[in-house]
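Single-structure report; data block below.
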Number of protein chains: 2
Amino acid sequence: MLPQAVLREATDRKLFDEVVGRERVTRAELATATGFSKPTVSESVRRLTEGGLLAATGPQETGRRGRVGTFYELGTAAGWVLAVEVDQSGVQAWSADLAGRVLHRHDRPPGGAGDTGALAEALRATVSAALRKPPAGPLRAVAVSMANPVHPDTREVIALPRSPFPEGLLSPGDILADLVTAPVLVDNDVNLAALAEQRFGDATSFAYLYVGAGLGLGLYLGGTLVRGAHGLAGEVGYLPGAGWRTLATELAAAGLGRSDAPSNDVAAVLRALDAGTPAVLMALVAAVARAVASVTAVVDPEVVLLGGPLGTHPALLDPVRAAVATLSPSPTRLDHGTLGALAPLHGATHLALDHAVAAAIKHDVPG
Amino acid sequence: MLPQAVLREATDRKLFDEVVGRERVTRAELATATGFSKPTVSESVRRLTEGGLLAATGPQETGRRGRVGTFYELGTAAGWVLAVEVDQSGVQAWSADLAGRVLHRHDRPPGGAGDTGALAEALRATVSAALRKPPAGPLRAVAVSMANPVHPDTREVIALPRSPFPEGLLSPGDILADLVTAPVLVDNDVNLAALAEQRFGDATSFAYLYVGAGLGLGLYLGGTLVRGAHGLAGEVGYLPGAGWRTLATELAAAGLGRSDAPSNDVAAVLRALDAGTPAVLMALVAAVARAVASVTAVVDPEVVLLGGPLGTHPALLDPVRAAVATLSPSPTRLDHGTLGALAPLHGATHLALDHAVAAAIKHDVPG
DNA sequence: ACGTTCTAGTTAGGTCACCTTACCAAATCG
DNA sequence: CGATTTGGTAAGGTGACCTAACTAGAACGT
């Protein structure tokens, strides 16, 4: 590969993102918006259209002085990506175009609860359904969101004690190998939720704390997700609690987030929170505040967002803020996430998109 | 600035580092070692020699077939950097060349203990002394290591409750403004220690836990130091302890690391550790293990190194390993740091070097 | 009506950093 | 003393960027 390719790729990527962000643009607008010269923009747009990522869509509306320009937008042959979420409540998938617009949704309730084989089958069935309604163009990437941690290099699913999945590892890449030729990216659901919430807001250092059937943390620092050397970054359930046990163990001892019947527990805890039961609230607030304070002390992010079925409960925010303030001198902002239960799917879409666009730009160098 | 400059700078930097790493090299060796073509290497070396960073130092020794090449090495006019450490035990400074070789050392005992004005005066005096023994070439950068956290953008020193410095902020940039024209970089001593230990080993994700008169953590992830949005990353003294207090508070309550007389305390604790007093050991191990487990749970680094006067005590390592293992499922390696008390100075040297070389390469484009 | 003005886009030509290929220079080996 | 081997230069090409000057075409103004 030529050394100058890095410049070309950066230019193409920036222009592509600009086009996607503005829906329809002329090359002149692109030049002023990005700072590139007009000839450079024309060259780059030519590459992108020949590669199918962009397409000319007729003339600029007239009524303004000067020559009418040509609008460019996302090409219909640009293709699409597939984002999938696998968890205890089933499998959910989104087909999206390269602008991130969701085109189709596919849901599937859980097969046999807690059965890995059934889950794998549900994954295959959902992806098959999505492939039966293919948008225009090639499928460029598949991203799968899972509740387990994922190894940062191999992207294998990692088994943990008290993991929400039973024994037996689920490897989406293997499961989908014969269905799909596009690359299959796998990542942790909370990491992906963090990615989504980060893109939605725009803090550069950022933590997303999931509170539901267990605790999970997604960390976004310095422009990338922190996955950890062994894929275990953000496993805040293993933080030391008040005693010499992990936070997760203490929560379970308090009757919260038991890993053997998590969804029922979440419903019960939600009812308790709605009813204002002080014991439940206090136990939960203590655990969440410990987690937030720990994250703050270690990486000091700009913002910490609470997410997940319990994390978004309105009764939680103020007490946690108060508790954290007694410990931490950092003015870190604490708030609710805004994307709700769909955050991981949004994140998976972003992950797939990012990979797809980068790969598409890297490969076509039409002359 | 030309867009191609990024390529040129990367090339120059890589070649410069290669030359420094091998002491003396011919251009042919550089070409094969770096993968650049021979003409590219010659061009780059020409730029670097004209900029003064490199210098030809006579012919390759003969005895081998083929033409004798010209050796290049660090130029005498490349200049130098100054690394300074300011803490309660006084001020210490190193002059180093751009290869990181320490040329002169300057020490100064503390003026009035805990007196900011005296400390500032000691800083000025130490730098003046260093300037009176200037190595060849220009002073390109000064890096100051301090025990306080430092704001990541403004690089102002941040005041914290229980900080080892008294009221009144020490701004090395201002203090040295009339002595020195080179840029003055300031950073936290523990961050710099992490930088140094990281360079010495070569883990890509890395935490350095300082245990002395207080706890501090330096984090090195994804190729850079993590300073936090407010400069408070690694302030693990504010981690929640076993009770609803910070780790630092609990340690102080146990008679360890009291911030009002820290150095005496450290000596006392060291004596207790040597004597094998179980209460002291257990309290310290508990606190350190909590910190390590917290870091592991949040960012899952490849390695955690213990440093500082207490952290390097041999009695600490195994109990901490055992305690961490009961909490954390991550196979993170735990070890002692290898640079001892000099780690922050090493780190400051690296910081200054990095800045100096980058700036020197950026600016001269002789043509 | 018709030249002026304004905007979109192309053409021409230059720069810069990289590359390959071919050559020259100088030392040892057989 | 020629062959070989190695360091370094010369010549020429490519690709990605730039500026400046041009053409294309619509609306405005008197």
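As a basis for the values below, the full set of heavy atoms in this structure was taken, side chains included, without hydrogen atoms, waters or symmetry mates. Within every chain, numbering begins at 1; the chains are lettered A, B, ... in the order of the sequence lines, protein sequences first and strands thereafter. It should be emphasised that the depicted structure is a prediction, and the values quoted were computed from it without experimental measurement.
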Practice task
Not counting sequence neighbours, which residues clear salt bridge (charged side-chain N to carboxylate O under 4.0 Å, His left out) with B:Arg65? List them please.
Solution key: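 Applying salt bridge (charged side-chain N to carboxylate O under 4.0 Å, His left out) to B:Arg65 gives none.
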
Practice task
List for me each residue that meets salt bridge (charged side-chain N to carboxylate O under 4.0 Å, His left out) alongside A:Arg24, sequence neighbours excluded, and say none if there are none.
Solution key: none

Problem - Out of C:dT10, D:dA16, C:dT20, whichever nucleotide has its closest atom nearest the side chain of B:Pro39 - result: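 Of all the options, the side chain of B:Pro39 is nearest to C:dT20.
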
Completion exercise
Considering only heavy side-chain atoms of B:Thr70, the closest of C:dC19, D:dG8, D:dA16 is D:dG8

Just how far, in rounded Å, is [atom2] of [N] from [atom1] of [X]?
X: A:Ile361; N: D:dA16; atom1: CD1; atom2: C1'; value: 15 Å
X: A:Gln60; N: C:dT7; atom1: CD; atom2: P; value: 11 Å
X: B:Glu61; N: D:dT6; atom1: CD; atom2: C1'; value: 14 Å
X: B:Phe36; N: C:dT20; atom1: CZ; atom2: P; value: 12 Å
X: A:Phe71; N: C:dT7; atom1: CZ; atom2: P; value: 15 Å
X: B:Leu2; N: D:dG15; atom1: CG; atom2: C1'; value: 15 Å
X: A:Lys38; N: D:dC22; atom1: NZ; atom2: C1'; value: 10 Å
X: B:Arg46; N: D:dT9; atom1: CZ; atom2: P; value: 11 Å

Exercise for the section: Using heavy atoms to find the nearest nucleotide of DNA chain D for A:Gly35 and B:Tyr72 separately, return the residue whose nucleotide is more 5′. Expected result: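 Its nearest nucleotide being more 5', the pick is B:Tyr72.
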
Problem - Interface residues of residues 8-31 of chain A with DNA chain D (non-hydrogen, below 4.0 angstrom) - result: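 Result for residues 8-31 of chain A: A:Arg8, A:Thr11, sorted by number.
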
Handout entry: Heavy-atom neighbours of A:Asp202 CG exceed 12 at 6.0 Å
Key = no

Using a cut-off of strictly less than 4.0 Å, decide whether [X] has a side-chain nitrogen or oxygen near OP1 or OP2 of [N].
X: A:Thr40; N: D:dC18; value: yes
X: B:Ser42; N: D:dT9; value: yes
X: B:Ser37; N: C:dC18; value: no

Fill in the blank from the handout: Hits for ring-ring contact (aromatic ring centres under 6.0 Å, His included) against B:Trp94, two or more places apart or cross-chain, chain-then-number order -> B:His346

Handout entry: Within residues 54-64 of chain A or reaching into it, pairs that qualify as salt bridge (Lys or Arg N to Asp or Glu O under 4.0 Å) - sequence neighbours excluded
Key =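 For residues 54-64 of chain A: none.
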
For residues 349-357 of chain A, please give each side-chain donor-acceptor pair under 3.5 Å, one per line with the distance, not counting sequence neighbours.
unit_1   : atom_1 : unit_2   : atom_2 : d
A:Thr349 : OG1    : A:Leu345 : O      : 2.7
A:Asp354 : OD1    : A:Arg13  : NH2    : 3.2
A:Asp354 : OD1    : A:Arg199 : NH2    : 3.1

Practice task
May I ask you to say whether A:Glu18 pairs ionically with A:Lys14, meaning some side-chain N is under 4.0 Å from a carboxylate O?
Solution key: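 So A:Glu18 does not pair with A:Lys14 through a salt bridge.
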
Handout entry: Residues B:Arg227, B:Asp187: salt bridge by 4.0 Å N-O rule
Key =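 Judged by the 4.0 Å cut-off on N to carboxylate O distance, B:Arg227 and B:Asp187 do form a salt bridge.
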
Completion exercise
For nucleotides 25-30 of chain C, 5' to 3', base contacts (B), sugar-phosphate-only contacts (S) and non-contacts (-) with protein non-hydrogen atoms under 4.0 Å give BBBBS-

According to side-chain contact (heavy atoms from CB on, under 4.5 Å), who are the partners of [X], at least two apart in sequence or on a separate chain?
X: A:Glu9; value: A:Met1, A:Ala5, A:Ile361, A:Lys362
X: A:Thr40; value: A:Thr11, A:Phe36, A:Ser37
X: B:Leu7; value: A:Gln4, A:Val6, A:Leu7
X: B:Thr154; value: B:His151, B:Glu156

Handout entry: Axis bend over the full length of the helix from C:dA1-D:dT30 to C:dG30-D:dC1, computed from five pairs that close each end, to 10 degrees
Key =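 The end-segment axes of the helix from C:dA1-D:dT30 to C:dG30-D:dC1 are tilted 30° relative to each other.
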
